[in-house]
Amino acid sequence: MTHSFETLTVDLGKRSYPIHIGGNLLADTKNLLRSHIGDGRIAIITDETVAGLHLQSLLKNLGGGNIKTIIVQPGEGTKSFAVLQDVLDTLLKANFSRDDTLIAFGGGVIGDLTGFVASILKRGCQFIQIPTTLLAQVDSSVGGKTAINTSAGKNLVGSFYQPKCVLIDTDILSTLDPRQMRAGYAEVLKYALINDPEFFDWLEVNANDLLSQDQTALRKAILTACTAKADIVRRDERERGERALLNLGHSFAHALEAKAGYDGTLLHGEAVSAGMLMAFEYAQDLGHCSGQDAQRLRQHLQATGMPTMNDLSASITDDPDALFAFMGRDKKNTRTDMTLILTHGIGGAFIEPCANQTSVLEYLQKACSIRLRAS
Ligand code: GLY
């Protein structure tokens with residue numbers, strides 16, 4: 001039996017690919033992926049958590065056969081040169097070739113690592129994304145950004161390399177805990193804040209249903225987010241311009257994550273939640289955004305249990321100079337200028353290529369001292 005699903009296309013000419021979105025789609029993996037895999041071999045790259053929960057089901061639904069599985073440790077530490085080398089060695093020893101297919105089966109870490117492996121294995125083999133977290137379903141599995149981290153920072157070594165297909169099974173999210181759901185929700189909310197105020201209205205009413213895994217709400221939100229992302233990627237695949245809008249709040253978020261030390265105490269989506277409100281507050285200080293919109297966002301975050309800076313541990317928020325220094329290392333910056341994504345209000349994000357760095361530091365000093373007083 002084939003389950004009902006919807007298909008979007010990321011329209012990139014010869015490199016276009018479908019995103020299939022629906023419930024229980026894992027059961028239809030063989031049919032949906034057949035045309036992409038052909039007669040080639042398959043290697044599934046996944047982590048221990050996802051393997052324990054879902055790998056047998058994926059293997060069964062692919063119809064068995066000689067499928068290689070590579071299981072890595074969960075967590076950001078896996079996006080490293082060491083793991084990259086291990087995975088490449090394993091695939092090369094098994095003589096994987098350009099006609100073979102890698103399947104990224106996991107969250108953003110697995111998608112980013114597998115995509116990067118695919119982009120360099122024998123100068124490029126094909127890969128498919130089967131994202132298993134909300135965050136990966138609405139953001140990282142679509143658009144072809146791949147990367148590992150280095151000691152100099154997050155995602156600093158990588159490539160733009162598009163998958164052949166993205167298969168989003170919304171039922172697979174049932175094994176995610178509420179914290180992971182909220183972390184993914186930050187990236188859903190991001191699309192509303194960038195340019196879709198009607199979607200924000202809808203989220204104000206439906207976000208808690210979505211977070212409790214109401215399948216109708218979840219599918220509508222994932223479809224809206226993936227449509228928005230596919231549109232932006234089609235127009236600006238390599239982030240020469242508007243794709244940078246997808247980083248709303250991320251310069252602040254990356255600084256919070258770097259200060260937290262990538263040890264799992266602060267999830268990326270949690271940092272994005274706090275970071276988006278910081279972008280709104282900073283834009284309000286500059287007179288770009290009304291206080292009502294910043295307040296509306298703050299209320300929405302509170303109503304959905306999403307973290308703001310005041311909810312983060314004091315050790316992350318006690319040093320504005322350190323946060324400012326991390327912001328100075330962001331990939332979007334040029335040698336001299338700091339690029340920030342700011343906002344005119346809900347649905348009105350814009351790129352500020354030359355942020356006034358004194359005012360950024362002043363904002364961080366103010367936000368950190370408010371956080372200190374709140375504790
Ligand atoms: N996650 C932001 C982007 O894909 O551009």
Side-chain angles (χ1 to χ4, degrees), residues 8-12 15-17 19 76 79 104 106-116 118-119 127 129 131-149 153-163 165-166 168 180 183-196 199 221-222 224-258 262 267-276 279 327 330-333 339-343 349-353:
L8 305 170
T9 302
V10 182
D11 192 353
L12 291 168
R15 290 174 298 108
S16 296
Y17 57 93
I19 308 171
E76 200 66 34
K79 283 173 57 173
V109 165
I110 291 294
D112 285 6
L113 173 74
T114 306
F116 191 41
S119 74
F127 86 111
Q129 291 267 19
T132 59
T133 63
L134 180 59
L135 190 138
Q137 293 192 344
V138 296
D139 191 40
S140 58
S141 68
V142 175
K145 277 190 180 174
T146 84
I148 57 166
N149 306 325
K154 195 172 149 101
N155 293 338
L156 293 185
V157 173
S159 58
F160 286 98
Y161 193 70
Q162 302 294 341
C165 174
V166 182
I168 296 178
Q180 288 283 353
Y185 177 67
E187 299 282 2
V188 175
L189 178 60
K190 174 183 83 175
Y191 295 98
L193 297 176
I194 289 172
N195 63 6
D196 194 344
F199 186 38
I222 293 171
T224 305
C226 288
T227 304
K229 178 133 193 200
D231 267 356
I232 289 184
V233 169
R234 170 176 60 78
R235 292 193 293 264
D236 180 22
E237 182 184 4
R238 292 194 159 238
E239 201 169 305
R240 307 274 188 235
E242 74 168 310
R243 184 165 179 171
L245 292 172
L246 295 173
N247 291 306
L248 175 64
H250 282 57
S251 298
F252 293 105
H254 287 157
L256 296 170
E257 279 184 279
Y262 309 112
L267 301 177
H268 174 67
E270 293 171 334
V272 169
S273 170
M276 290 192 299
M327 288 180 75
D330 195 274
K331 282 193 294 308
K332 293 183 295 304
N333 299 340
T339 301
L340 288 181
I341 313 307
L342 295 181
T343 182
F350 67 94
I351 301 167
E352 169 52 83

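Remember, it's 1-based here, ligands and their atoms both numbered in the order they're listed.
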Among all protein heavy atoms in this structure, tell me which lies nearest to atom 5 (O) of ligand 1, with the distance rounded to 0.1 Å.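 Ranking protein heavy atoms by distance from atom 5 (O) of ligand 1, first comes Arg243 NE, 2.7 Å.
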
What protein heavy atom sits nearest atom 1 (N) of ligand 1, and how far off is it?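 Checked against all protein heavy atoms, atom 1 (N) of ligand 1 sits closest to Asp139 OD2, 2.9 Å.
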
Short question: side chain of Arg234, backbone of Val10 - any donor-acceptor pair under 3.5 Å?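 No.
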
Donor-acceptor pair, side chain of Asn333 and main chain of Met327, under 3.5 angstrom: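 Such a contact is found between Asn333 side chain and Met327 backbone.
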
In this structure, does ligand 1 have an atom that sits under 4.0 Å from one of the heavy atoms of Lys229?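 Yes; Lys229 lies near enough to ligand 1 that a heavy-atom distance drops under 4.0 Å.
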
Any Lys/Arg nitrogen of Lys332 or Glu239 sitting under 4.0 Å from an Asp/Glu carboxylate oxygen of the other?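 Between Glu239 and Lys332 there is no salt bridge, as every charged N stays at least 4.0 Å from the carboxylate O atoms.
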
Apply side-chain contact (heavy atoms from CB on, under 4.5 Å) to the pair Glu187 and Gln137, showing each step before the final yes or no. CA-CA 10 Å; Glu187 299 282 2; Gln137 293 192 344; over 6 Å; no

